[in-house]
Amino acid sequence: MSKPILLLVDGSSFLYRAFHAMPDLRGPDGAPTGAVHGFVAMMTKLRDDIGAEHAACIFDAKGPTFRDEWFPEYKAHRPPMPPELRAQIEPIHEVVKLLGWPVLEVPGIEADDAIGTLARMGEASGHAVVIATGDKDLAQLVTPDVTLINTMAKPPERLDEAGVEAKFGVAPNRIIDYLTLMGDAVDNVPGVEKVGPKTAAKWVQEYGSLDGVIAAADAIKGVAGENLRKALDWLPQGRRLVTVKLDCDLSGHMDGWPGLEALKLRELDKAGLIDFYTRNGFKTWLKTMTTEAKPASTAAMAPAVTGDLFAEPEPPADAAQIERHYDTVLSFEQLDAWLARLRAAPLAAFDTETDSLDPMRARIVGISFADRPGQAAYIPLRHEGPDAPEQLPLDEVLARLKPWLEDAAALKIGQNLKYDRHVLANQGIALAGAAHDTMLESYVLEAHKTHSLEALAERHLGRHGLSYEDLCGKGAHQIPFAQVDVAKASTYSCEDSEMCLHLHEVLWPRIEADAGLTRVYRDIEIPTAEILARIERQGVLVDAAKLQTQSHELGQRLLQLEQEAYAIAGQPFNLGSPKQIGEILFTKLGLPIVKKTATGAASTDEEVLSELALEFPLPAKILEVRALSKLKSTYTDKLPLQINPATGRIHTNYAQAVAVTGRLSSNEPNLQNIPIRTAEGRRVREAFIAPPGFRLVSADYSQIELRIMAHISEDPGLLRAFQEGQDVHRATASEVFGTPLDEVSSEQRRYAKTINFGLIYGMGAFGLAQSLGIEQKAAKDYIDRYFTRFAGVKRYMDETKVEAKAKGYVETVFGRRLWLPEINSGNGPRRAGAERQAINAPMQGTAADLIKLAMIAVQRELDAAGKATKMVMQVHDELVFEVPEAELDWVKTEVPRLMAGVAALKVPLLAEVGVGANWDEAH
DNA sequence: TGTCTGGCGTAC
DNA sequence: GACGTACGCCAGACAT
């Protein structure tokens with residue numbers, strides 16, 4: 001004998017879901033109807049599927065509830081309901097009633113609490129209660145007689161007690177505990193920081209209940225444990241907030257309360273529905289009604305969409321009060337007036353807006369200019385959409401701007417002008433007169449901080465401009481800049497241009513005040529930016545077919561290796577998952593744990609697996625798979641996809657203001673970590689080629705950082721080794737091991753080489769022992785002997801640390817500053833880290849300065865001599881060129897000469913050059 | 001579904 | 001805790 005069913009629909013939870021799930025449908029009068037359609041479909045289906053006698057659709061009412069009294073922050077961060085949804089609430093209530101459903105909306109009572117109350121009443125009166133909701137919170141209401149269904153889930157799911165346990169990992173009567181630990185970001189109810197569904201369920205299972213977890217708080221390890229202890233005072237209040245109330249007073253809102261008579265599911269109001277469907281343009285639903293439709297009424301039912309979506313935001317309150325005037329240029333008169341202002345300005349800022357982050361493909365959407373802080377103009381060029389104004393013709397505008405943009409005497413500034421240089425080059429404009437760049441100014445002043453315009457404006461001007469995200473959104477919701485409202489785009493772009501000038505007024509004097517910084521900025525960074533743009537634009541030719549062949553081969557071998565690994569393990573597992581590897585190796589096979597990761601998990605890194613491989617077969621397989629799948633996924637699979645179809649080349653992006661030491665970095669793709677160490681990996685380099693009639697030439701500095709160490713430390717032994725052109729590792733070994741130069745063994749040389757590299761990085765005895773696979777005591781012995789023999793190096797390291805602590809920064813030979821905020825930290829390990837940075841940064845940074853100077857010198861010479869040779873890559877101490885065969889001799893002699901000549905250090909600089917059909921051969 | 005973090009590995 | 005500077009892949013967890 002089955003029980004009568006009480007069906008409770010959580011209308012509020014379905015409002016947003018229906019709104020987002022449905023397309024933006026519109027009624028005859030343009031009013032939004034998507035969510036209404038969603039509701040009609042859902043309520044009809046529920047009615048058909050469930051066969052309920054009693055039912056209700058429950059909505060949240062406006063106004064505060066008891067939870068707001070307990071916790072004023074409750075739901076505080078909820079964004080206001082979108083106007084398109086707000087407009088549909090009224091029609092939804094109306095149509096739900098027409099569909100025969102009792103609708104309940106009680107001021108001061110949340111839908112959840114009304115549902116909880118009704119569910120208990122239903123149970124008490126012998127009903128089977130079905131709650132239709134998309135909200136996991138209501139899982140706490142599930143009992144043998146109360147189930148949940150979520151019709152919006154795909155597939156629709158039905159949760160009884162077992163289902164709740166299966167889905168959440170805890171029984172319904174522990175859902176409250178589980179929710180309390182997690183918190184609810186949407187309702188702004190805090191939980192335990194960093195604890196999500198997994199951890200919450202795990203804890204509740206382990207300790208039985210929230211109270212159990214609280215009691216065990218001191219014993220829980222890790223960051224999660226710490227966060228739990230921080231949250232202890234809060235949790236009881238959190239529990240109250242997430243607990244659904246079961247005894248609300250609904251009298252006055254339900255006839256016959258506390259009985260359920262008022263919730264009898266009624267017949268459809270056919271006449272009412274026909275009228276409703278007609279008015280709102282629900283043609284398909286209209287057909288489902290058996291009677292004929294009456295003539296449509298034209299009355300607009302839903303309130304019109306309000307205009308706030310398109311309203312101009314309040315201008316931000318700027319700490320720095322400057323007068324702002326922004327123009328949007330839509331006529332040639334305006335354009336010419338602005339051009340005159342730009343011509344008259346001693347320094348003008350500009351900023352391009354585009355439709356892509358990829359500089360090679362970006363098409364210009366608009367451009368702004370500023371001739372003084374606060375004063376700017378935006379020229380929309382490619383804005384789209386019904387509301388976009390008539391814009392000046394792009395070609396004509398750019399033709400008028402071109403003479404100014406290409407005028408080297410017309411000085412310009414921007415934020416990361418390398419990007420704008422590309423955008424203009426895409427339009428056939430060769431930017432000249434790029435005198436300043438705020439990103440580089442900031443980088444030279446404070447390399448360790450962030451250099452976005454937004455951050456700079458905030459930090460130095462106290463100004464908070466519109467952000468790109470404000471305009472375009474982010475992630476999946478992002479819209480192209482071309483679709484941004486022109487007025488907003490204008491404000492944003494003008495702001496960027498004039499804030500850039502404004503920033504320059506603050507930053508430039510700080511650079512100018514220091515001769516070293518001025519030199520680094522003016523003589524290194526600014527010229528480097530232009531050269532980088534040229535390298536990026538040139539691109540490097542890559543043989544996609546060759547990489548694809550390699551990918552295929554790697555794939556075949558990986559398949560084989562995977563099977564072998566599964567066979568040894570006795571089961572398949574994910575070889576890409578360190579976690580699963582750990583489970584197999586250490587739990588299933590019982591291999592010893594060699595070391596742990598930062599988070600306490602058993603490490604499976606190369607070092608660990610190599611050690612285990614001495615005794616067991618599986619680790620060796622895993623290592624092989626790791627090596628090959630790295631090559632495949634990162635290089636042979638990916639690089640072909642990065643080839644620009646228009647040029648057939650790869651155009652990386654060199655980041656000039658990322659590495660704190662002054663190095664460049666390369667991304668999308670990173671061409672600075674192409675394998676070279678192993679024969680397998682080196683094959684990737686064979687795919688970097690030169691076109692017919694050209695060769696690749698690689699020129700790299702020999703031992704540049706050790707030479708710099710010799711220069712800075714003035715250690716006599718090291719100086720002499722380089723001055724006499726000795727093999728520096730051999731010379732080091734000779735000193736450390738007390739062996740004559742020509743009797744140094746290859747193993748001694750290898751040790752010395754490791755010591756030399758270690759020194760550059762500030763390595764200690766522990767690290768050296770690890771690297772060489774020797775006892776820490778022996779390693780310490782070597783280091784001591786090194787410092788005895790090369791006392792100047794020891795002195796340099798000690799003095800550098802002292803200087804860093806006193807000044808807070810260290811410097812390169814050319815005066816680049818590297819700030820070390822943690823050099824005097826009370827935190828031991830952090831301070832030690834900063835000390836190693838202090839030792840390494842002058843060497844790494846000076847090397848970076850030198851190669852940038854080399855790039856400038858070489859490019860200048862190539863241009864002056866009218867050569868067709870192109871610089872195509874920079875890899876920290878190496879420059880790669882694409883060279884016509886006719887210029888090979890010139891390049892082979894001139895490039896190393898120029899590289900060696902950029903600075904006169906106390907040791908000679910040496911650059912070695914190689915030539916080949918591909919990058920591998922060129923080494 | 002998207003975003004972030006940890007683990008790992010490549011380069012100099 | 002122990003070797004500096006980067007970028008990027010994948011898996012897994014968290015957030016939406």
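Here is how names work: the chains are called A, B, and so on, in the same order as the sequence lines, proteins then strands, and each is numbered from 1.
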* Just by distance, with hydrogens left out, do Q837(A) and E822(A) show a side-chain donor and acceptor under 3.5 Å apart? -> no
A655(A) and N667(A) have their tightest heavy-atom pair at CB-ND2, 4.1 Å
Numerically ordered, the residues 823-836 of chain A set in heavy-atom contact under 4.0 Å with DNA chain C is R836(A)
* Asked: Regarding T597(A) and T599(A), is there a side-chain donor-to-acceptor distance under 3.5 Å anywhere?
  -> yes
Value for CG (L671(A)) from CD (Q874(A)), rounded to nearest 0.5 Å, stands at 11.0 Å
Checklist entry - Going through the distances and angles, do E686(A) and Q550(A) end up as a side-chain hydrogen bond (donor to acceptor under 3.5 Å, both in side chains)? => result CA-CA 11 Å; E686(A) 293 172 7; Q550(A) 292 180 18; 4.7 Å; no
Expected list for residues 627-637 of chain A near DNA chain B, using heavy atoms below 4.0 Å, is K630(A), Y635(A)
To the nearest angstrom, the CD-C1' distance between Q776(A) and dC3(C) comes to 14 Å
When rounded to whole Å, the CG to P distance for the pair D605(A) and dA2(C) reads 13 Å
Worksheet item: Charged N to carboxylate O below 4.0 Å: is that the case for E680(A) and K630(A)?
Response: no
Hey, are the side chains of D177(A) and W203(A) touching, using non-hydrogen atoms and a 4.5 Å cut-off?
-> no
*Take T846(A) and D849(A), measure what side-chain hydrogen bond (donor to acceptor under 3.5 Å, both in side chains) needs, and give me the verdict at the end.*
CA-CA 5 Å; T846(A) 300; D849(A) 294 340; 4.9 Å; no
Rounded to whole Å, NZ of K202(A) lies from C1' of dA13(C) at a distance of 12 Å
Looking only at heavy atoms, the pair that brings L357(A) and Y419(A) closest together is O-CE1, 3.7 Å
Margin query: Under a plain distance cut-off of 3.5 Å, with no hydrogens placed, do S771(A) and T754(A) share a side-chain donor-acceptor pair?
Written below: no
Less than 4.0 angstrom between a side-chain N/O of R663(A) and OP1 or OP2 of dC12(B), yes or no? no
H876(A) has its side chain closest, among dG4(C), dC12(B), dT10(B), to dC12(B)
Taking only nitrogen or oxygen atoms into account, show me every contact under 3.5 Å that the protein makes with nucleotides 14-16 of chain C, one pair per line with its distance.
{"unit_1": "dC14(C)", "atom_1": "OP1", "unit_2": "G196(A)", "atom_2": "N", "d": "3.4"}
{"unit_1": "dC14(C)", "atom_1": "OP1", "unit_2": "T199(A)", "atom_2": "OG1", "d": "2.8"}
{"unit_1": "dC14(C)", "atom_1": "OP2", "unit_2": "K198(A)", "atom_2": "N", "d": "3.4"}

To the nearest angstrom, the CG-P distance between N670(A) and dA6(C) comes to 12 Å
I650(A) CD1 to dC7(C) P, in whole Å, measures 17 Å
Residues A838(A) and P842(A): closest non-hydrogen pair is O-CD, 2.9 Å
Of dA11(B), dA13(C), dC3(C), the nucleotide closest to the side chain of Y761(A) is dC3(C)
- Item | Under-4.0 Å side-chain N/O to phosphate OP1/OP2 contact, Q580(A) with dG12(C) | yes
Does D781(A) pair with K777(A) as a salt bridge, N-O distance under 4.0 Å? no
State, yes or no, whether a side-chain contact exists between R683(A) and L631(A) at a heavy-atom distance under 4.5 Å.
no
Q.
If we count only N and O atoms by modelled type, under 3.5 Å, do the side chains of K753(A) and N756(A) hold a donor and an acceptor together?
A. no
Subject >> Short side-chain N/O contact to dT5(C) OP1/OP2 from Q837(A), under 4.0 Å >> reply: yes
Practice task
May I ask you to say what E606(A) touches in the nucleic acid, namely base, sugar-phosphate or nothing, with a heavy-atom cut-off under 4.0 Å?
Solution key: sugar-phosphate
> Between H923(A) and R685(A), do the side chains contain an N or O donor and an N or O acceptor separated by less than 3.5 Å?
Replying inline: yes
Quick note, S665(A) side chain, CB onward, closest among dA11(B), dA6(C), dG8(C) is dA6(C)
On a heavy-atom basis, the closest approach of A779(A) and A769(A) is CB-N, 3.6 Å
Does dA11(C) have OP1 or OP2 under 4.0 Å away from a side-chain N or O of N574(A)?
yes
Nearest heavy-atom contact between Y443(A) and A659(A) is OH-O, 2.5 Å
Taken to the nearest whole Å, OH/Y654(A) to C1'/dA11(B) is 12 Å
Per the under-4.0 Å heavy-atom filter, residues of residues 751-760 of chain A near DNA chain C come out as none
Between CD of E680(A) and P of dT10(B) the distance, given in whole Å, is 12 Å
Contact check, residues 766-775 of chain A vs DNA chain C, heavy-atom distance under 4.0 Å, returns F766(A), G767(A), S771(A)
D920(A) CG to dA11(B) C1', in whole Å, measures 15 Å
In short, L558(A) meets V625(A) closest at the heavy-atom pair CD2-O, 3.7 Å
Using atom C1' in both nucleotides, what's the gap between dT5(B) and dA2(C) to the nearest angstrom? 23 Å
Check: Does S603(A) have a side-chain nitrogen or oxygen under 4.0 Å from the phosphate oxygens OP1 or OP2 of dC8(B)?
Finding: yes
Testing dA11(B), dC7(C), dC9(C) for proximity to the side chain of K638(A), the answer is dC9(C)
Exercise for review: Flag the pair F790(A) / L759(A) as yes when at least one side-chain heavy-atom distance between them is below 4.5 Å, and no otherwise.
Suggested key: no
Which of dC8(B), dC12(B), dG4(C) is nearest the side chain of Q844(A)? It is dG4(C)
Bend of the helix from dT1(B)-dA15(C) to dC12(B)-dG4(C) from end-axis comparison, five pairs per end, nearest 10°, comes to 0°
For this session: Give the C-alpha distance, both sets of side-chain angles, the deciding distance and a yes or no for side-chain hydrogen bond (donor to acceptor under 3.5 Å, both in side chains) between E469(A) and Q478(A).
Result: CA-CA 8 Å; E469(A) 211 179 296; Q478(A) 199 165 347; over 6 Å; no
